[in-house]
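The model shown is predicted, which means the values in this text are computed figures rather than measured ones. Throughout, residue positions are numbered sequentially from 1 according to the sequence presented.
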Amino acid sequence: MTTQEHDASVYEQVQESSEFQELKRRFRRWTFPMTVAFLAWYLLYVVLSGWARDFMGIKLLGDINVGLIFGLLQFVSTFLIAWAYARHAERKLDPIADKLRHEVEEKTQ
């Protein structure tokens, strides 16, 4: 068996393991709903900008209107999602990923 064939079988074994399946499940369980929520929030902003111009043009403070606030909140929500994902990954994903990485490194040396 060549090294390349040996490495492929190790990775296939890891991919079939219950720990790897759990890692994928945890990743998808967080990212898919968060992606849908963010896209819905962004689509709301786009739709309101196009079809609710009167609402988006309401002035709140001087020349600052609802549309500007919603636009800035897009950036805020992006950073909040990135921060939340980093916390999620550190707590729920990284321990499993580190364990799997160590197992693969041991088997491929």
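- Here salt bridge (charged side-chain N to carboxylate O under 4.0 Å, His left out) pairs that include residues 74-83, with residues two or more places apart or in two chains, number zero.
- By the salt bridge (Lys or Arg N to Asp or Glu O under 4.0 Å) test, Glu105 is found to be paired with Arg101, residues two or more places apart in sequence or in another chain being considered.
- Partners of Ala37 by side-chain contact (heavy atoms from CB on, under 4.5 Å), not counting sequence neighbours: none found.
- Applying the side chain to side chain donor-acceptor pair (under 3.5 Å) test to every pair with at least one member in residues 44-70, sequence neighbours left out, gives these pairs: Lys59-Asp63.
- For Lys99, the salt bridge (Lys or Arg N to Asp or Glu O under 4.0 Å) test picks out Glu19, Glu103, with sequence neighbours left out.
- Legend: residues meeting salt bridge (Lys or Arg N to Asp or Glu O under 4.0 Å) with Arg28, ordered by chain and number and at least two apart, are absent.
- Residues forming a side-chain contact (heavy atoms from CB on, under 4.5 Å) with Ala97 (at least two apart in sequence, or on another chain): Leu23.
- Atoms CD1 and CD1, from Ile58 and Ile69 in turn, are 12.5 Å apart once rounded to the nearest 0.5 Å.
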Please table the atom pairs, donor to acceptor, closer than 3.5 Å between any side-chain atom in residues 29-36 and protein atoms at least two apart or in another chain.
from: Thr31; atom 1: OG1; to: Phe27; atom 2: O; distance (Å): 2.8
from: Thr35; atom 1: OG1; to: Thr31; atom 2: O; distance (Å): 2.7

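- Pairs of residues two or more places apart, or lying in two chains, never qualify as salt bridge (charged side-chain N to carboxylate O under 4.0 Å, His left out) while including a residue from residues 66-77.
- Residues forming a salt bridge (Lys or Arg N to Asp or Glu O under 4.0 Å) with Arg26 (at least two apart in sequence, or on another chain): Glu22.
- In this structure, CG on Leu93 lies 10.5 Å from CG on Asp98, to the nearest 0.5 angstrom.
- Closest of all the heavy-atom pairs between Pro95 and Ala89 is CD-O, 4.3 Å.
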### Candidate pair Phe79 and Val76, rule side-chain contact (heavy atoms from CB on, under 4.5 Å), full reasoning
CA-CA 5 Å; Phe79 287 111; Val76 172; over 6 Å; no
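- Across Leu48 and Phe70, no two heavy atoms sit closer than the pair CD1-CE2, 3.5 Å.
- Residue pairs satisfying the side chain to side chain donor-acceptor pair (under 3.5 Å) criterion with at least one member in residues 72-91, sequence neighbours excluded, are listed as follows: Trp41-Ser77.
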